[in-house]
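Shown next, in structure tokens, is the structure this report addresses.
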Amino acid sequence: MFRSLMLLALVACVPLVFAKQPAKTDWPFDELTLKNGSKFQGLILEERPDGSIRFQSVRRPPGRPTVTLTSTFSKREIQSVRRLGEKDRALLTERLAELDPGGEGERSRMESLELVPTPWLGKAAGGFRYDSEYFSLESGASEEVTRRVAVKLEQIYAAFARFLPQVVDGRPTVIRLAADSSDYRALLMPLGQVELLNPAVYDPRTNQILCGNDLRRLGEDMQKARFHHSQQLAGLHRYEEQVRKLYKGLELERHLEFVRAERKKVWVADRSNGTKFDEATGRLFALIYHESFHAYTGTFVYPPLAPEKVREGRGTGELPRWLNEGLAQIFETAVIDAGELRADHPDRNRLSRVRDWMRGQNMAVGLVPLSELLLVGPAAFLAHHADEAAAANRVYLTSWALAYYLTFERRLIGSESFRKFLVEVNSGNEPRKAFSALVGQELDAFEKSWHDYLKRLQFDGSVK
């Protein structure tokens with residue numbers, strides 16, 4: 001007992017030290033190639049009797065945190081599979097297991113980020129900047145909040161790239177994060193939207209997302225906790241080095257077991273802080289994810305293009321508005337599970353509303369008929385009055401339901417037939433005819449299959 005108390009006192013007094021991360025070496029991967037040309041590296045988790053594969057994609061960009069994403073590929077969309085040997089598979093499984101066994105991985109991801117000072121609202125080095133492949137985060141929030149936001153953005157952009165791989169070169173979107181309402185209003189002023197109620201907005205003209213929330217007090221509290229946890233971990237690291245020199249065998253193992261237990265307590269406390277952060281910023285991140293999807297697709301995959309240029313074969317043009325909003329809603333409710341982002345489960349609230357409508361429990365509303373949805377324009381997604389808000393919600397929900405079906409059941413998003421559909425629509429041809437060609441069915445038959453799927457869809461993503 002006395003030795004334990006002495007150890008805790010030692011840990012509390014050790015100055016803050018960050019160990020330099022060792023250079024990352026190449027990892028062996030299973031490789032999956034789809035018929036649409038997309039290729040994925042990672043680990044095969046399960047090969048099912050129906051030929052589908054549950055696959056954990058892994059991205060390890062230099063200088064940035066490792067990002068993983070688990071999803072299931074059906075037999076009909078898989079072109080080829082290259083499997084690891086037994087030894088390499090064991091090595092990869094071990095390395096992936098080390099990413100986040102008890103919360104450690106999330107902290108490792110955050111610590112691996114390379115933040116640099118950046119000007120912020122007139123202050124020469126008043127903020128932090130983090131540069132990634134698809135975005136550049138500029139933040140007036142604390143370092144701790146900035147790191148957490150950067151990790152979440154890396155994960156959501158990895159999900160975007162999984163479902164819609166980059167097609168064109170583009171300039172990374174600038175995402176500017178304010179720590180309080182006054183800074184947020186200052187960011188909005190050039191847009192003429194100082195009184196905007198939403199905590200995030202995307203400006204396609206400047207390719208930037210402006211976002212803000214009351215994060216200053218939260219950031220200060222989390223910064224203190226981070227400092228304290230880092231002191232504890234540094235002290236434990238030094239203590240472990242000392243006991244390894246002094247003891248061997250069972251006596252060494254007894255000391256190491258104590259160190260492991262104390263480390264686990266720190267990780268649990270750190271994860272608890274992460275949960276509090278997620279609860280406090282839930283709505284903010286839902287909107288950031290939503291707007292980031294618009295920015296990603298409009299910049300790197302399906303940028304706007306004049307009809308004559310589409311007809312000349314220079315590109316596909318942009319996503320139809322209903323699909324753009326539907327897909328953005330799918331990613332809006334993506335969740336982090338053990339350090340991994342998951343976007344393949346239906347949002348419980350949206351699916352419950354769809355079910356209620358289809359059961360006739362609210363006869364005043366219902367899904368928008370498919371023939372109408374395919375023709376809606378931007379105005380259908382704007383609401384200024386109560387009656388317009390109800391109509392907009394109806395269009396939004398129907399768009400989500402159709403986008404989910406096309407993405408996870410029909411697996412059409414990003415396919416060659418999908419590319420042809422966009423070319424047809426953005427060339428000025430009839431959208432309903434182009435959609436029938438995409439799904440290989442007349443609209444009435446497709447709508448029946450779609451509605452039947454929604455009735456059988458479960459909250460865990462399975463279908464009865």
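For reference, positions follow the sequence shown, starting with 1.
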Exercise. For Lys455 and Val354, run side-chain contact (heavy atoms from CB on, under 4.5 Å): C-alpha distance rounded to whole Å, both residues' side-chain angles, the deciding distance at 0.1 Å, then the answer.
Key: CA-CA 9 Å; Lys455 293 175 183 176; Val354 166; over 6 Å; no

Give a yes or no on whether the backbone of [Y] and the side-chain of [X] come within a donor-acceptor separation of less than 3.5 Å.
{"X": "Ser427", "Y": "Asn429", "value": "no"}
{"X": "Arg355", "Y": "Leu457", "value": "yes"}
{"X": "Glu447", "Y": "Leu370", "value": "yes"}
{"X": "Asn426", "Y": "Thr316", "value": "yes"}
{"X": "Glu430", "Y": "Lys433", "value": "yes"}
{"X": "Thr398", "Y": "Val368", "value": "yes"}
{"X": "Arg147", "Y": "Leu113", "value": "yes"}
{"X": "Tyr289", "Y": "Ile330", "value": "no"}

Closest contact, heavy atoms only, [X] versus [Y]:
{"X": "Gly414", "Y": "Tyr302", "value": "CA-OH, 4.1 Å"}
{"X": "Ala286", "Y": "Glu332", "value": "O-CG, 3.2 Å"}
{"X": "Ser417", "Y": "Leu412", "value": "OG-CD2, 3.8 Å"}
{"X": "Pro172", "Y": "Glu133", "value": "CG-O, 3.7 Å"}
{"X": "Pro431", "Y": "Leu375", "value": "CG-CD2, 3.9 Å"}
{"X": "Leu406", "Y": "Phe446", "value": "CD2-CZ, 3.9 Å"}

Practice problem: May I ask you to check whether Phe160 and Tyr296 place their ring centers less than 6.0 Å from one another? | Solution: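 Centroid distance Phe160-Tyr296: below 6.0 Å, so yes.
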
Got [X] and [Y] here, is their nearest side-chain heavy-atom distance under 4.5 Å?
{"X": "Asn207", "Y": "Arg171", "result": "yes"}
{"X": "Arg350", "Y": "Thr333", "result": "yes"}
{"X": "Arg419", "Y": "Val423", "result": "yes"}
{"X": "Arg263", "Y": "Leu233", "result": "yes"}
{"X": "Ile175", "Y": "Val149", "result": "no"}
{"X": "Ser352", "Y": "Phe459", "result": "yes"}
{"X": "Leu164", "Y": "Phe293", "result": "yes"}
{"X": "Leu177", "Y": "Phe128", "result": "no"}

Look at the aromatic rings of [X] and [Y] and report parallel, tilted or perpendicular, splitting at 30° and 60°.
{"X": "Tyr453", "Y": "Tyr405", "result": "tilted"}
{"X": "Phe135", "Y": "Tyr130", "result": "tilted"}
{"X": "Trp27", "Y": "Phe29", "result": "tilted"}
{"X": "His290", "Y": "His294", "result": "perpendicular"}
{"X": "Phe55", "Y": "Phe73", "result": "perpendicular"}

If you measure from the Lys or Arg side-chain nitrogens to the Asp or Glu carboxylate oxygens, is any gap between [X] and [Y] under 4.0 Å?
{"X": "Lys420", "Y": "Glu424", "value": "no"}
{"X": "Arg314", "Y": "Glu308", "value": "no"}
{"X": "Lys309", "Y": "Glu312", "value": "no"}
{"X": "Glu138", "Y": "Arg176", "value": "yes"}

Are [X] and [Y] linked by a side-chain donor-acceptor pair shorter than 3.5 Å?
{"X": "Asp180", "Y": "Ser182", "result": "yes"}
{"X": "Ser436", "Y": "Gln441", "result": "no"}
{"X": "Trp400", "Y": "Asp347", "result": "no"}

Practice problem: Check step by step if side chain to side chain donor-acceptor pair (under 3.5 Å) holds for Ser132 and Glu154. | Solution: CA-CA 8 Å; Ser132 185; Glu154 282 283 12; 3.0 Å; yes

Kindly compute the distance separating [atom1] ([X]) from [atom2] ([Y]), expressed to the nearest 0.5 Å.
{"X": "Thr33", "Y": "Lys39", "atom1": "OG1", "atom2": "NZ", "answer": "5.0 Å"}
{"X": "Phe408", "Y": "Ile413", "atom1": "CZ", "atom2": "CD1", "answer": "10.0 Å"}
{"X": "Leu43", "Y": "Thr93", "atom1": "CG", "atom2": "OG1", "answer": "4.5 Å"}
{"X": "Ile78", "Y": "Ile53", "atom1": "CD1", "atom2": "CD1", "answer": "4.0 Å"}
{"X": "Glu325", "Y": "Leu397", "atom1": "CD", "atom2": "CG", "answer": "13.0 Å"}
{"X": "Leu284", "Y": "Lys152", "atom1": "CG", "atom2": "NZ", "answer": "10.5 Å"}

Self-check item: Residues forming a side chain to side chain contact (heavy atoms under 4.5 Å, CB included) with Arg411, sequence neighbours excluded
Solution: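 For Arg411 the side chain to side chain contact (heavy atoms under 4.5 Å, CB included) partners, ignoring immediate neighbours, are Thr72, Ser74, Arg76, Glu77, Arg162.
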
Practice problem: Please lay out, stage by stage, how Phe435 and Leu373 fare under the test side-chain contact (heavy atoms from CB on, under 4.5 Å). | Solution: CA-CA 11 Å; Phe435 188 86; Leu373 182 68; over 6 Å; no

Quiz prompt | Glu372: side-chain hydrogen bond (donor to acceptor under 3.5 Å, both in side chains) partners, not counting sequence neighbours | solution =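 Listed in chain order: nothing, the list is empty.
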
Quiz item: With Ser80, which residues qualify under side-chain hydrogen bond (donor to acceptor under 3.5 Å, both in side chains), at least two apart?
Solution: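 Not a single residue meets the side-chain hydrogen bond (donor to acceptor under 3.5 Å, both in side chains) criterion with Ser80.
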
Residues that [X] engages under salt bridge (Lys or Arg N to Asp or Glu O under 4.0 Å), provided they are two or more places apart:
{"X": "Glu46", "answer": "Arg48"}
{"X": "Arg205", "answer": "Asp203"}
{"X": "Arg410", "answer": "none"}

Quiz item: Please walk me through it: do Glu144 and Ser142 pass side chain to side chain donor-acceptor pair (under 3.5 Å)?
Solution: CA-CA 5 Å; Glu144 175 71 6; Ser142 70; over 6 Å; no

Exercise. Would you check, one step at a time, whether the test side-chain contact (heavy atoms from CB on, under 4.5 Å) holds for Arg54 with Thr70?
Key: CA-CA 7 Å; Arg54 186 164 166 264; Thr70 298; 3.9 Å; yes

Practice problem: Among Leu137, Val116, Leu115, Val174, find the one that has a side chain to side chain contact (heavy atoms under 4.5 Å, CB included) with Arg129. | Solution: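 Of the listed options, the one satisfying the test is Val116.
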
Quiz item: Going through the checks in order, is the side-chain contact (heavy atoms from CB on, under 4.5 Å) test met by Leu374 and Trp322?
Solution: CA-CA 7 Å; Leu374 297 176; Trp322 62 266; 3.6 Å; yes

